[in-house]
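Below is one structure, written out as structure tokens, with a few remarks after it.
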Amino acid sequence: MSTDPMDDDNDLTDSEVDAEFERTSHIGHAINVLAQAEDAVAAVDELPPNVKARLDQILRDVLDG
């Protein structure tokens, strides 16, 4: 038996792999959500100044209204 942890996957049955995936899938989903949020923030940071100003005004109008 290998001491390399990456080789452990080869020792798992299909049902064990499925169970491990189910057990850890929420971690993958959380990482995906964070990556999407980072992309959204980056996109907003790259908006042209006039578009950003307009969006800021819309947000103020919504919050005040």
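Quick caveat: nothing in here was measured; it's all calculated off a predicted structure. Starting from 1, each residue takes its place in the sequence as its number.
- A distance of 13.5 Å separates CZ in R23 from CG in D18, rounded to the nearest 0.5 Å.
- To the nearest 0.5 angstrom, D39 atom CG is 11.0 Å from L34 atom CG.
- Between the CG atom in N50 and the CG atom in L55 there is a gap of 9.5 Å [rounded to 0.5 Å].
- Checking R60 against Q57 by side-chain atom types alone, a donor-acceptor pair falls below 3.5 Å.
- Taking both residues in full, the closest heavy atoms of L12 and E16 are given as CA-OE1, 3.3 Å, listed atom of the first, atom of the second, then distance.
- Rounded to the nearest 0.5 angstrom, N32 CG and I27 CD1 are separated by 13.5 Å.
- One finds the CZ atom of R54 at 7.0 Å from the CG atom of D61 (value rounded to the nearest 0.5 Å).
- For D14, the CG atom sits in a loose shell: 12 or fewer heavy atoms of surrounding residues, nucleotides or ligands are nearer than 6.0 Å.
- Here the NE2 atom belonging to H26 is positioned 10.0 Å from the CD1 atom belonging to I31, to the nearest 0.5 angstrom.
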